[in-house]
*Asks:* 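Dropping the structure in here first, questions after.
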Number of protein chains: 2
Amino acid sequence: MDTHRTTSRARGGATEPGTARQGRTRTVPPSTVARLPGYLRALHALAAEGAVLTSSDELAARAGVGSAQLRKDLSYLGSYGRRGVGYDVAHLAEQVEVVLGLTTQRRVVIVGIGNLGHALANYSGFADRGFAVVGLVDADPAVVGTTVAGLVVQPFDALPGLVRATGASIGVIATPAAGAQVVCDALVEAGVAGILTFAPAALAVPPHVDVRAVDVASELQILAFHDRRRTGTWEA
Amino acid sequence: MDTHRTTSRARGGATEPGTARQGRTRTVPPSTVARLPGYLRALHALAAEGAVLTSSDELAARAGVGSAQLRKDLSYLGSYGRRGVGYDVAHLAEQVEVVLGLTTQRRVVIVGIGNLGHALANYSGFADRGFAVVGLVDADPAVVGTTVAGLVVQPFDALPGLVRATGASIGVIATPAAGAQVVCDALVEAGVAGILTFAPAALAVPPHVDVRAVDVASELQILAFHDRRRTGTWEA
DNA sequence: TAGATTGTTAATCGATTAACAATC
DNA sequence: TAGATTGTTAATCGATTAACAATC
């Protein structure tokens with residue numbers, strides 16, 4: 001084992017195509033990048049309510065962060081507010097989308113069409129937020145050939161062809177932990193740029209591939225830590 | 001709005017019932033707590049392979065972190081290794097479980113039995129890792145009364161009674177964003193200690209309640225950031 | 001102008017990493 | 001004893017926060 005680690009919420013100093021005139025390159029810290037989707041969500045909610053302008057106070061409250069942090073985060077993207085006035089909701093939303101790379105719809109392939117894969121394939125939040133599910137893959141012959149969310153489930157062998165034919169740049173792994181690394185390797189080999197895995201397993205990937213891991217049971221275990229009262233381990 | 005924010009991956013300086021003799025209280029940093037489930041996973045995998053001893057190098061590689069970080073993290077829990085020898089796999093796993101509060105099985109209620117709620121209710125990884133799903137709730141009369149994963153779905157009104165009757169300490173929100181805050185308030189009112197939400201919305205909760213938020217579309221957007229090549233925004 | 005709110009600076013705080021003394 | 005590996009220290013690094021000068 002000598003490829004890179006997963007679970008790295010932070011992959012170092014990413015650069016960003018210059019939205020500032022001149023194409024100058026700016027660096028957005030990983031912790032900021034991770035909060036941008038939340039800001040975008042809040043901006044869309046404001047826009048839906050008809051708001052034209054917002055302030056760092058208001059937007060921060062909606063996103064659940066402090067206003068100092070919000071302003072600091074936005075400052076990495078550029079200067080999109082007006083002092084004494086605030087931010088133009090629509091314009092700021094657009095800028096955040098540009099930075100996140102959401103001006104083009106990304107294509108997603110889901111591997112593992114069990115309960116979770118099913119749910120993800122049918123999730124409308126993907127389409128709403130810039131992603132198109134363009135392919136479904138499963139290793140189980142009983143599942144292959146069935147139609148889920150309007151797509152016919154393909155066999156595992158079809159994965160590379162599917163990724164290339166559809167131009168998918170993101171793979172989602174919704175298989176059990178046992179199969180996750182094999183699926184991951186296949187996705188990497190097929191050329192995806194990012195992988196979102198729900199399998200409870202650490203994945204090894206080459207450095208040019210980005211992995212994000214969501215482990216539902218781990219989230220519950222972290223919650224359990226804070227609920228550790230009367231667990232029987234008291235002593236004095 | 002004057003309750004607290006959500007999305008706080010880190011709720012400050014949690015204390016831990018003293019596993020060290022004397023009941024002395026120790027503090028485990030949030031970032032360390034967040035990695036403990038991964039270590040536990042790796043330890044269980046090692047145990048399943050028959051390993052009796054492991055080293056910080058081996059365990060760290062399995063969990064996808066550096067060995068220095070692993071040792072630092074474990075040092076917050078106590079001194080459970082032997083210099084020159086390594087860690088006893090079974091014993092260390094047990095200690096991590098004690099710290100995470102997994103010696104008692106926690107009871108979980110799921111609200112929102114759509115595609116995702118369905119998948120979560122049926123997810124075997126919960127039972128395997130210390131949690132029992134003891135109640136399902138949905139607002140849709142067409143869903144109420146149906147049986148999912150061996151449980152009859154209850155109406156929203158039944159939530160407080162259900163939480164109390166089952167002694168659930170964790171609530172999972174799998175509803176659309178629009179209903180999330182109402183559900184959250186009801187869970188808090190019913191007395192849960194922690195909430196895991198999949199709804200794309202910031203939740204306000206009182207300070208004694210812990211919230212963790214998983215937003216699948218946000219994860220994809222973060223991946224999209226790293227895939228921001230040829231998005232058309234180049235300038236020079 | 002007076003009031004408001006940004007963008008940035010500087011201070012603080014927490015997390016990571018490398019190195020090594022302690023010790024099995 | 002010699003070799004191995006932990007637990008801890010100290011240095012570095014990055015993230016957060018508060019305060020305020022710039023400016024609308």
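The basis for the numbers below is simple: all heavy atoms, side chains too, and nothing from hydrogens, waters or symmetry mates. In what follows, chains carry the letters A, B, and so on, assigned in the order in which the sequence lines appear, proteins first and then strands, with residues in each chain numbered from 1.
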*Asks:* Please give, in whole Å, the distance from D/dC24 P to A/Y87 OH?
*Replies:* 14 Å
*Asks:* Any base atoms under 4.0 Å from B/R82, or only sugar-phosphate, or nothing? Heavy atoms, all strands.
*Replies:* sugar-phosphate
*Asks:* Could you check B/D73 against A/G81 and say which one's nearest nucleotide on DNA chain C is further toward the 5' end?
*Replies:* A/G81
*Asks:* Pairing check on D/dT16: which nucleotide meets the Watson-Crick or G-U wobble criteria with it, both distances under 3.5 Å?
*Replies:* C/dA11
*Asks:* Under the side-chain contact (heavy atoms from CB on, under 4.5 Å) test against A/Q221, which residue among B/V33, B/V96, B/L40, B/L36 passes?
*Replies:* B/L40
*Asks:* Check the distance between D/dT6's P and B/Y39's OH and give it to me in whole angstrom.
*Replies:* 13 Å
*Asks:* Check the distance between C/dT17's P and B/L70's CG and give it to me in whole angstrom.
*Replies:* 13 Å
*Asks:* Residues in side chain to side chain donor-acceptor pair (under 3.5 Å) with A/S218, at least two apart?
*Replies:* A/D215, B/R129
*Asks:* Closest to the B/Q69 side chain: C/dG7, C/dA19, C/dT17?
*Replies:* C/dT17
*Asks:* Hey, is the side chain of B/S31 poking within less than 4.0 Å of OP1 or OP2 on C/dG14, counting only N and O atoms?
*Replies:* no
*Asks:* From C/dC24, C/dA15, D/dA22, pick the nucleotide closest to the side chain of B/P30?
*Replies:* C/dA15
*Asks:* Choose from C/dT8, C/dT17, D/dG7 the nucleotide whose nearest atom is closest to any side-chain atom of A/S75.
*Replies:* C/dT8
*Asks:* For D/dT23, give the paired nucleotide (Watson-Crick: N1-N3 plus N6-O4 or O6-N4; G-U: N1-O2 and O6-N3; both under 3.5 Å), or none.
*Replies:* C/dA4
*Asks:* Would one find more than 12 heavy atoms of other residues, nucleotides or ligands at under 6.0 Å from atom CD of B/E189?
*Replies:* no
*Asks:* Going by atom types alone, do B/D73 and B/Q69 pair a side-chain donor with an acceptor below 3.5 Å?
*Replies:* no
*Asks:* Send over the distance from B/Y76 OH to D/dT8 P, rounded to a whole Å.
*Replies:* 11 Å
*Asks:* Taking CG from B/D57 and P from D/dT6, how many angstroms apart are they, rounded to a whole number?
*Replies:* 7 Å
*Asks:* Give the nucleotide from the list C/dG7, C/dC24, C/dA19 with an atom nearest to the side chain of B/R83.
*Replies:* C/dC24
*Asks:* If you assign A/V85 and A/T32 each to the DNA chain D nucleotide with the nearest heavy atom, which residue ends up on the more 5' nucleotide?
*Replies:* A/T32
*Asks:* Does A/S56 place a side-chain N or O at less than 4.0 Å from the phosphate oxygens OP1/OP2 of C/dT6?
*Replies:* yes
*Asks:* Without decimals, in angstroms, what is the distance between A/Y80 OH and D/dT23 C1'?
*Replies:* 19 Å
*Asks:* Can you identify which nucleotide, out of C/dC20, C/dG7, D/dA18, has its nearest atom closest to the B/R71 side chain?
*Replies:* C/dC20
*Asks:* Using the side-chain heavy atoms of A/S55, tell me which of these nucleotides is nearest: D/dA15, C/dT6, C/dA18.
*Replies:* C/dT6
*Asks:* Considering only side-chain heavy atoms of B/K72, which listed nucleotide, D/dA22, D/dT9, D/dA15, is closest?
*Replies:* D/dT9
*Asks:* Find the distance B/L59:CG to D/dT5:P and express it as a whole number of Å.
*Replies:* 14 Å
*Asks:* Would you sort out whether A/E219 and B/F198 count as a side-chain contact (heavy atoms from CB on, under 4.5 Å), showing the intermediate values?
*Replies:* CA-CA 11 Å; A/E219 297 295 329; B/F198 291 87; over 6 Å; no
*Asks:* What is the separation between atom CG on A/L92 and atom P on C/dT5, rounded to the nearest whole Å?
*Replies:* 16 Å
*Asks:* Judged by modelled atom types alone, do B/E49 and B/H44 share a side-chain donor-acceptor pair under 3.5 Å?
*Replies:* no
